[in-house]
Every structure is written in structure tokens, then in C-alpha cells.
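Please read these numbers as outputs of a predicted model, since none were measured by experiment. Just follow the structure's listing: the first ligand is 1, and inside any ligand the first atom is 1.
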Amino acid sequence: MPSAPRWARSAAHRPQRVAMAPRVNPPSSGGAPPAGRQSLLRRLPGVDEVARRLESEGAAEIPRALLLESVRAALDLRRRQILESPDHALDQIDCSHDAIVRDARERLAGLHAFSLDRVINATGVVLHTNLGRALLAADALDHLHRIAAAYSNLELDLVTKERGSRYVHVEGRLRRLTGAEAALVVNNNAAAVLLALETLARGREVIVSRGELIEIGGEFRIPEILARSGARLKEVGTTNRTHLRDYAEAIGPDTALLMKVHSSNYRVLGFTASVSTRELTALGKERGIPVIEDLGSGSFLDLTPHGLPHEPTVQATVAAGVDLVTFSGDKLLGGPQAGIVVGRQDLVTRLAKNPLNRALRIDKLTLAALEATLRLYDDPEHARQAIPTLRMLTEPSSLVARRARRCYRRIPAKVAQSLSARVSEDTGQVGGGALPLAELPTTVLALGNADFSAHALDERLRHERPPVIGRVKDDRLLLDFRTVQDTDLEDLARAIARLVEPDHDA
Ligand SMILES: *Cc1c(COP(=O)(O)O)cnc(C)c1O
């Protein structure tokens, strides 16, 4: 069995960097540096010489300004080290031309590389906000590509030749899918909530249950969004129990809205009571006050036949009589980042006419991807298979297991042995503030032993190309195959092999 490489023994692995000599004041303050340092400085190569070497290795394709910037930075570092290191550390500075070229090459790669790049999601969290939430369906990518590369009828009515509305491209379909009278789309759901509150309740009161004053992460807190909209929050009930009479008694002349918020990312369990959407809308109708519900990750499909917990669909929420419903485009819907508002025509029209809407508006690329995603729902069963989020959430665990075994078979036997690699069953999460209690049966590849700590493996895989993101549990690194794509398998197996054989290139 090959012994663990040096990086595995220290959890403090970092991508290779040129060591920086300790910063101290120059030994002689003012005047020329002493003779030893002078000669070191003289021996440094010139900028042109290093640049020529990089170019001769094929870096000529790279913009010259970046190339020179990298070379100058590599040389400046050596110069500073020579001038600032204490005498006894001078001979530790690597001033060889090879080392300088290597340093410049790494800097150049860093400067010219993409920052936003593909990663392999092996966390098992299907809607992972930090990893970009939903993957787009192939049809959405095609449509986005077509619309991005050409002029389009974005805001041109081809019948009247007059200025049209960008919203018409999705409005009809959203009305049909949800049963609502009208629809509007904006940049994201946070924007949809802000726009709705600002339009309908600025300077007035919005009644919300204390059990629904949520934070969903990334600075989105209902009380704060409400304050930003200029509305006043009127809290009712308690954290665990709110009754219809709490809302009824709180209604006053200044009440603009009754608001319900989906507890997306947590559940209050035990001695609880909350008011159903249907009860609240009945109260709203009786008292003439609109009801708004922030559904968070609105779904069009009931996923219970596939073993997932019950979630109210957007259609069911509209049918329960809610006047305005808001939800995200990139959660359970499986489309691009967007905020969708559906509901009463008069209210949606007021939102659309609010100047704030212009600042929150959806761009044409998102709109194209959203239209194509919604179009897939024309046939719900097709949507479930063609939209990656839904496919991953409903994929039978036997198929997840098969993918895990296919990856395992691609790993050289001695690598699997060194890492104590095991294929085993586990449970994953939906994520993205959706279905917080759902546990998805899944299959993982577990790695790690005394020679390879889970955290060291995790760190190492995060620095692979493409980076691999897993989860650490009980000092094993788990790679969860529910979120690993078929197209990831080759890269993933190679990254795993490189943990033990750094030169491995399958
Ligand atoms: C996710 C979520 C939001 C925010 O949606 P974004 O599309 O991320 O802006 C708002 N409210 C609830 C209940 C959510 O779950």
C-alpha cells in the first residue's frame, strides 16, 4: 500500500505559493544595499528574459500586459526578499531563473483564469445556494443561447409594431400553470417580496405571525425587508402558536396586508398551531384586506409520489384564495434565478407600474431561460425528467447507487485501498430552503483513514480542477452521488486517484 503523501499528514495543505521571507526593516537604513545583496540583485534575470521563456512555452496566446504583470510581480518579490531578509536568511531565497519563471507562470495562470467556474457538487444537497442552486435544463440552455446571440422581440409587439412588455413572454404560461389572473417576474424572490410590500403597504401595517418571521440566510430577513419597503410590521401570536383570532384582533384602519411566509428552512415542532392559508384568505376577504404569501421555493409538481414530503404547490396556494403569491425561479421550479409573483390582476398591475419594478427587472437571458423552463411544464412528467433539479430529487436510489459504483470502478484498486474507499448508503438533503425535513436516501463514496484525514481529503479535493465539494461526517469524507452528474464521473474519479497518486491522469 503506498504510504500517504506528505500533504495528507498535514491538514494545513495550501495551494503552492512562493514562500515570503519574514518582513523586517532593511538592515542598513538608507544608502545602497551592502555588497552581498547587490550581487544577488544583479543576478536576477531581466523582465524580457523571463517573458521570453514564458512565451516560448506557449504563453504567447495570453495578453502581453498580463504576462508582464506576472513577471514583474515575481521579480519584485525576489527584490523585496533580497532587500528585507535578515543576513542569515539570504541564502534561503530561491533566485534561480527556473524558480522565477515558475512563479511567474503560476501568477499568470491565476490572473488569466476564470474566477467563476464549474465545480462538482458531491454534497448531496440538490439546491445548494453556494453552488449556484438549480442547474438549467438543456432546453433552457438552448433558448438562452439563441436569444443571447441574436436580436429578439424582447419588448416589441410584432403585431402592432409598438413597444411591448417583456413580461408577456412568460405571463400566459404562468397564468395557465398556476390558475392565477396575472403574473410578473423580477430579479429574485427577495425582490418580489420587496416590490409587493413597497407597492401595497408602504407607510402602513403588515400583519405577520411571530412563527413566520424568518431569516433564510444571505441577509434576507422578513422584518428587515418589511422595514426597507417602508411598511410597518405588526407581529401576532407566539413563536410556536398563532391563531386566527390573533390576526383578526390585530386588524386596524392602517392594516394594508395579511402576510404568510413559508418556513422554508426550518420547522417548529411539538405544541404548535398556525393558521392555514385558506382560513387566512377567508378572514382577508371578510375584512377586505389582501393576503400575500411568500412561498419561497414554489413548486408546480406534487412530489409526494416520489417519496418527498408534502409541500403546497403554487396552484394549490392560488386556489386557496391568496391574492398574491411570490416564489423563486431557481429553487424547486428548477429554472434560473428569478422572482415570480402571481395573483390578482389589479394588484399585479400596481406592482408592474411601480418605478421600483424598473430597478428590479428581470434581464433577457434570465427571461429566456425561465420561459424555456416553464414550457417544459406543459407536460409535467416530461418536466420531472428534463429539469435537473426535479430529476435529481426524484431519481430512484438504485440509480444513484449505480452511479456511485461506476465511479468506484474507475478508481485504481490500490488508490481505493489506500483511501479505504467504501460505497455505502446515507441520507442527503434538498437544500435551498426547500423541504427542510426531507431525507433523501442516497449512496456515498466514503474516504479516509488514519493516513488520510477527512478534512485533509476535503481540502485537497476542493483545490482540484474542477474542485470537488463533499461533506465530512464521522471523520470520513462522503461524496454523495445524488448530486454528481454523469458527466462529472471521469473528472471525479481522476481527482480521487490524484489524492494518492498526484501524477495520476486517467
Ligand atoms: C428562498 C426564499 C426567499 C428568497 O428567494 P430568492 O429567490 O433567493 O431571493 C424568500 N422567502 C422565502 C420563504 C424563501 O425560502
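- Of all the heavy atoms of I214, the ones lying under 4.0 Å from any atom of ligand 1 belong exclusively to the side chain.
- Just one of K260, E293, H262 meets the side-chain hydrogen bond (donor to acceptor under 3.5 Å, both in side chains) condition when paired with T277; it is E293.
- For the side-chain hydrogen bond (donor to acceptor under 3.5 Å, both in side chains) test with T442, the passing option among T427, D480, D426, T483 is D480; the others fail.
- Taking 4.5 Å as the limit, every side-chain heavy atom of R375 sits out of range of all side-chain heavy atoms of H143.
- Side-chain contact between L226 and V208 is present, with heavy atoms from C-beta onward closer than 4.5 Å.
- For the pair A190 and ligand 1, the shortest N or O to N or O distance falls below 3.5 Å.
- Near G296, with a cut-off below 4.0 Å to any heavy atom, the atoms of ligand 1 are 12 (C), 13 (C), 14 (C), 15 (O).
- Contact annotation: for Q337 versus ligand 1, there are no heavy atoms closer than 4.0 Å.
- The distance from ligand 1 to the heavy atoms of H262 drops below 4.0 Å at these ligand atoms: 13 (C).
- Only the side chain of R133 comes within 4.0 Å of ligand 1, counting heavy atoms alone; its backbone N, CA, C and O stay farther away.
- With hydrogens and angles left out, the side-chain atoms of E212 and S209 include no donor and acceptor closer than 3.5 Å.
- Heavy-atom proximity to S328, at under 4.0 Å, picks out these atoms of ligand 1: 5 (O), 6 (P), 7 (O).
- Annotation: D294 places an N or O atom under 3.5 Å from an N or O atom of ligand 1; distance criterion only.
- Where the criterion is an N or O separation shorter than 3.5 Å, residue side chain and backbone included, D330 fails it with respect to ligand 1.
- Checking side-chain atoms of R482 against main-chain N and O of M392 turns up a donor-acceptor pair under 3.5 Å.
- In this model, a donor atom of one side chain and an acceptor atom of the other lie less than 3.5 Å apart for D294 and T326.
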